[in-house]
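In what follows, a single structure is set out as structure tokens and then discussed.
We count residues from 1, following the sequence as given. Just so you know, these numbers use all the heavy atoms, side chains as well, and skip hydrogens, waters and symmetry mates.
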Amino acid sequence: MFGIIAFAANEYRFNALGKESYLFIIVPLLLLIIFYVSGRQIFEYDSDGEALNFKNRNIIPFLDKPLHDEFPKYKLIKYDIVSILFFKRLYITVSSKNNGSTMLKYQISYLTKKEVNDLKLSLNKVVKANKEKKD
């Protein structure tokens, strides 16, 4: 918004920058595209109690719809973390009544290695406990 205001002020009032004033529109647009392509920046995970709670949302609210999923721990079948260059995704497979299983996708590109390792450790405990109960 500030870029558009600065561009309009320069074009119609001050005319101090000339052609460089288009940078006030181009740079914010490029940043917006980078934010959109890189995925949701905020990932929250809670495994306390009997349920798993996943939240994935964007810093800029209008770019993507926030994801929020909560389900009992016993429904977790497996998980997978895929890392390609600087993009990381978490794929969760949960059991469902209708078609056997459902896959949930979360973008975790902004998590540090320690946070990813903690997430793996926590999910491994749940998957292992579910396999022991099943057997």
Side-chain angles (χ1 to χ4, degrees):
M1 288 301 293
F2 292 119
I4 293 171
I5 293 169
F7 174 77
N10 183 59
E11 277 295 308
Y12 300 111
R13 180 75 172 142
F14 302 114
N15 204 10
L17 292 176
K19 297 286 184 190
E20 289 85 15
S21 66
Y22 287 102
L23 289 175
F24 287 126
I25 291 182
I26 294 170
V27 170
L29 270 176
L30 286 175
L31 290 174
L32 198 62
I33 290 169
I34 289 170
F35 269 115
Y36 182 75
V37 169
S38 66
R40 295 175 180 94
Q41 291 84 23
I42 300 171
F43 177 78
E44 296 172 356
Y45 167 71
D46 183 22
S47 65
D48 295 341
E50 293 296 318
L52 295 173
N53 191 355
F54 295 92
K55 292 180 184 177
N56 205 193
R57 57 192 165 95
N58 228 328
I59 291 175
I60 304 170
F62 62 84
L63 278 183
D64 273 331
K65 184 177 148 190
L67 294 176
H68 176 75
D69 294 309
E70 187 172 350
F71 52 88
K73 286 183 178 179
Y74 68 85
K75 287 192 170 200
L76 179 66
I77 297 172
K78 66 178 182 173
Y79 76 94
D80 191 24
I81 295 178
V82 176
S83 182
I84 300 172
L85 295 175
F86 54 91
F87 294 109
K88 285 187 236 166
R89 280 205 153 175
L90 170 66
Y91 294 95
I92 303 270
T93 306
V94 295
S95 62
S96 67
K97 292 179 183 177
N98 298 341
N99 55 0
S101 65
T102 303
M103 183 171 286
L104 305 171
K105 303 170 191 167
Y106 303 100
Q107 297 162 337
I108 58 171
S109 300
Y110 291 93
L111 294 182
T112 63
K113 281 192 176 200
K114 184 186 180 322
E115 291 171 333
V116 171
N117 288 336
D118 291 344
L119 177 65
K120 285 181 183 178
L121 182 68
S122 178
L123 291 174
N124 277 334
K125 285 181 186 177
V126 175
V127 169
K128 185 176 177 182
N130 288 344
K131 283 184 181 178
E132 288 176 359
K133 283 182 184 178
K134 198 174 187 180
D135 294 337

Handout entry: Tyr79 versus Asn124, closest heavy-atom pair with distance
Key = OH-OD1, 2.8 Å
Handout entry: Closest contact, heavy atoms only, Gln107 versus Phe43
Key = O-CB, 4.3 Å
Handout entry: Between OG on residue Ser122 and CG on residue Asn117, distance to nearest 0.5 Å
Key = 12.5 Å
Exercise for the section: Without swapping roles, check the side chain of Lys73 against the backbone of Gly49 for a donor-acceptor pair under 3.5 Å. Expected result: yes
Fill in the blank from the handout: So NZ of Lys105 and CG of Asn56: to nearest 0.5 Å the spacing works out to 13.0 Å
Exercise for the section: Considering non-hydrogen atoms only, spot the tightest contact between Lys78 and Val127 and give its length. Expected result: CA-CG2, 4.3 Å
Practice task
Using modelled atom types only, decide if a donor and an acceptor are shared between the side chain of Asn130 and the backbone of Leu76 within a distance under 3.5 Å.
Solution key: yes
Exercise for the section: With rounding to the nearest 0.5 Å, note down the distance linking CG in Asp80 to CG in Leu123. Expected result: 11.0 Å
Practice task
State plainly whether one hydrophobic cluster holds both Val126 and Ile81, where clusters connect Ile, Leu, Val, Met, Phe, Trp and Tyr through side-chain heavy atoms under 4.5 angstrom apart.
Solution key: yes
Problem - Side-chain donor or acceptor of Asn58 paired with backbone N/O of Lys65 under 3.5 Å - result: no
Practice task
Is it possible for you to say whether Leu52 and Val94 belong to one hydrophobic cluster, with membership spreading through side-chain heavy-atom contacts below 4.5 Å?
Solution key: yes
Exercise for the section: Taking atom types as modelled, find out whether Thr93 and Ser101 have a side-chain donor-acceptor pair closer than 3.5 angstrom. Expected result: no
Exercise for the section: Look at the aromatic rings of Phe54 and Tyr45 and report parallel, tilted or perpendicular, splitting at 30° and 60°. Expected result: tilted
Practice task
Output, in order, the C-alpha distance, side-chain angles, deciding distance and verdict of side-chain contact (heavy atoms from CB on, under 4.5 Å) for Glu44 and Arg57.
Solution key: CA-CA 9 Å; Glu44 296 172 356; Arg57 57 192 165 95; 3.1 Å; yes
Completion exercise
Closest non-hydrogen atoms of Asn53 and His68, given as atom of the first, atom of the second and distance, are OD1-CE1, 3.1 Å
Exercise for the section: Identify whether Met103 and Ile84 are in the same connected component of the hydrophobic contact network (ILVMFWY, side-chain heavy atoms under 4.5 Å). Expected result: yes
Exercise for the section: To the nearest 0.5 Å, tell me how far Lys55 NZ sits from Ile42 CD1. Expected result: 11.0 Å
Problem - Between OG on residue Ser95 and CZ on residue Phe71, distance to nearest 0.5 Å - result: 9.0 Å
Practice task
Begin with the C-alpha distance, continue with both residues' side-chain angles, and end with the deciding distance and a verdict on side-chain contact (heavy atoms from CB on, under 4.5 Å) for Ile26 and Leu29.
Solution key: CA-CA 5 Å; Ile26 294 170; Leu29 270 176; 5.8 Å; no
Handout entry: Leu104 side, atom CG; Leu90 side, atom CG - distance, nearest 0.5 Å
Key = 9.0 Å
Problem - Donor-acceptor pair, side chain of Glu132 and main chain of Ala129, under 3.5 angstrom - result: no
Exercise for the section: Check the pair Tyr106 / Leu67 against side-chain contact (heavy atoms from CB on, under 4.5 Å), numbers first and verdict last. Expected result: CA-CA 8 Å; Tyr106 303 100; Leu67 294 176; 4.2 Å; yes
